[in-house]
Amino acid sequence: MRESCGMRQPHAAAALTSSVAKVAKMERGMVPIRDPDVRALCHLYGMNDDSAIERLLHLAKADRDRRRAKGWWDQYPQLAAMSEYFALEEMATEARSWELAFIPGLLQTPDYARALAVGNHDWEDIDEVEPFVEARMTRQARLHDDQPLRLWAIMHEAVLRQLVGGPHVMRAQLSHLLEISGLPHIRVQVLPYQVGAHPGMTSAFTVLSFAQPGALDVVRADTLSVKLWLESEADAQHHSSVFDRIARLSLSQHDSGGLINSIRKEM
């Protein structure tokens, strides 16, 4: 809005009687925005649409609530870096997940999660693995709430064939995948090897969607060294478009279940 009316950050800072640095942080989503600041900036930028202002106020409140959110993750300090994502997941209504290397965390069995943590060498102290596994299982309660998270998970065929924890662990994991994919709010698809090159080869990612009017989707993408949170409309649309293309290339839910069962029997 500021850019569309040709103003600069010092203009906004003057209207709020604050610093340019604070305005910059507000615009980057680094600090919460108070309702009086939302109204003052809308007035400054010539926004007279009451419904649009109400949507912005609603989003500002949702953002403040998210920053203050307390939940099950608070009892696991070793997962502090993921606390904001867990808070978002609690607020979300839908998650669309694309995975290249492993079963999505929301669908993992305890033995699979344990083997994954040990194999990844994520923890210097092996005693930290069990709290990690416990936290992952606690997180899965979101799938069984009164209003459960809708989950659409697509994974590459390689995920099903990677022997995480060995044949016994993988057989149980694939059985769990078949069972939970029968729930009406969980959709599981597999992208088979035979597809060849595809638009999801660059990275895995998850898109979270929310019920609040005007709320933008949030994208999480992991690299070896950093977890990326993408909250712009352009990023959300791009990742949603890539996810849709991957979904069209993937096997149907029925055929995906058949492939999962076939691989399970091989183990």
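All residue numbers in this chain count up from 1 along the given sequence.
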Query raised in the report: If you draw the axis of the six-membered ring of W152, does the NZ or CZ of R96 fall within 45° of it and under 6.0 Å from the ring centre?
Result: no
Query raised in the report: Side chains of D37 and M26: closer than 4.5 Å at any heavy-atom pair?
Result: yes
Query raised in the report: If you count the non-hydrogen atoms of other residues, nucleotides and ligands that lie under 6.0 Å from CG in D145, is the total more than 12?
Result: yes
Query raised in the report: With no hydrogens and no angle check, is any side-chain donor or acceptor of S241 less than 3.5 Å from a backbone partner on Q237?
Result: no
Query raised in the report: Between S256 (side chain) and V190 (backbone), is there a donor-acceptor pair under 3.5 Å?
Result: yes
Query raised in the report: Who passes salt bridge (charged side-chain N to carboxylate O under 4.0 Å, His left out) against D35, sequence neighbours left out?
Result: R64
Report task. Indicate the ring-plane relationship of H156 and H198, choosing parallel, tilted or perpendicular according to the 30° and 60° boundaries. Result -> tilted
Query raised in the report: Counting distance only, does the side-chain N/O of S4 pair as donor-acceptor with the main-chain N or O of M1 below 3.5 Å?
Result: yes
Query raised in the report: So, do L216 and L59 sit near enough that their side-chain heavy atoms are less than 4.5 Å apart?
Result: no
Query raised in the report: Do the side chains of V188 and I260 get nearer than 4.5 Å, heavy atoms only?
Result: yes
Query raised in the report: Would a 4.5 Å heavy-atom cut-off, applied to side chains only, mark L56 and L41 as touching?
Result: no
Query raised in the report: Taking everything shown except H144 itself, do over 12 heavy atoms lie less than 6.0 Å from its NE2?
Result: yes
**Report entry** From CD (E157) to OG (S250), nearest 0.5 Å
**Finding:** 11.0 Å
Query raised in the report: Is a donor on one side and an acceptor on the other found under 3.5 Å between the side chain of W98 and the backbone of I246?
Result: no
Requested in this report: Mark yes or no for whether R2, through its side chain, and M7, through its backbone, hold a donor-acceptor pair below 3.5 Å.
Outcome: yes
Report task. List for me each residue that meets side chain to side chain donor-acceptor pair (under 3.5 Å) alongside R114, sequence neighbours excluded, and say none if there are none. Result -> D111, E130
Query raised in the report: Is the CZ atom of R8 crowded by more than 12 outside heavy atoms at less than 6.0 Å?
Result: no
Query raised in the report: Hey, does R220 have a side-chain heavy atom less than 4.5 Å from the side chain of L88?
Result: no
Query - CG on D217 to CG on L208, rounded to 0.5 Å - result: 8.0 Å
Query raised in the report: Are any side-chain N or O atoms of Q140 and backbone N or O atoms of Q108, one a donor and one an acceptor, separated by less than 3.5 Å?
Result: yes
**Report entry** Residue that, paired with E89, satisfies salt bridge (charged side-chain N to carboxylate O under 4.0 Å, His left out) out of R139, R150, R142
**Finding:** R139
Query - Smallest separation among heavy atoms of L178 and G257, with atom names - result: CD2-O, 3.4 Å
Query raised in the report: Backbone N or O of S209 within a donor-acceptor pair of the E94 side chain at under 3.5 Å?
Result: no
Report task. Indicate yes or no: at least one non-hydrogen side-chain atom of L160 is less than 4.5 angstrom from one of M155. Result -> yes
Report task. Taking the side chain as every heavy atom from C-beta outward, state whether I103 and V164 have any atom pair closer than 4.5 Å. Result -> no
Query raised in the report: Does any non-hydrogen side-chain atom of L249 lie less than 4.5 Å from one of P199?
Result: yes
Query raised in the report: Would you say Q173's side chain and T109's backbone share a donor-acceptor pair under 3.5 angstrom?
Result: yes
Query raised in the report: Between T206 and A95, what is the shortest heavy-atom contact and its length?
Result: CG2-CB, 4.4 Å
Report task. Indicate the atoms forming the closest heavy-atom contact of M137 with P110, along with that distance. Result -> SD-CG, 3.5 Å
Report summary line: In terms of heavy-atom contacts, Q253 and I186 come closest through NE2-O, 4.2 Å
Report task. Show your reasoning for whether side chain to side chain contact (heavy atoms under 4.5 Å, CB included) applies to V242 and F205. Result -> CA-CA 10 Å; V242 170; F205 59 88; 4.0 Å; yes
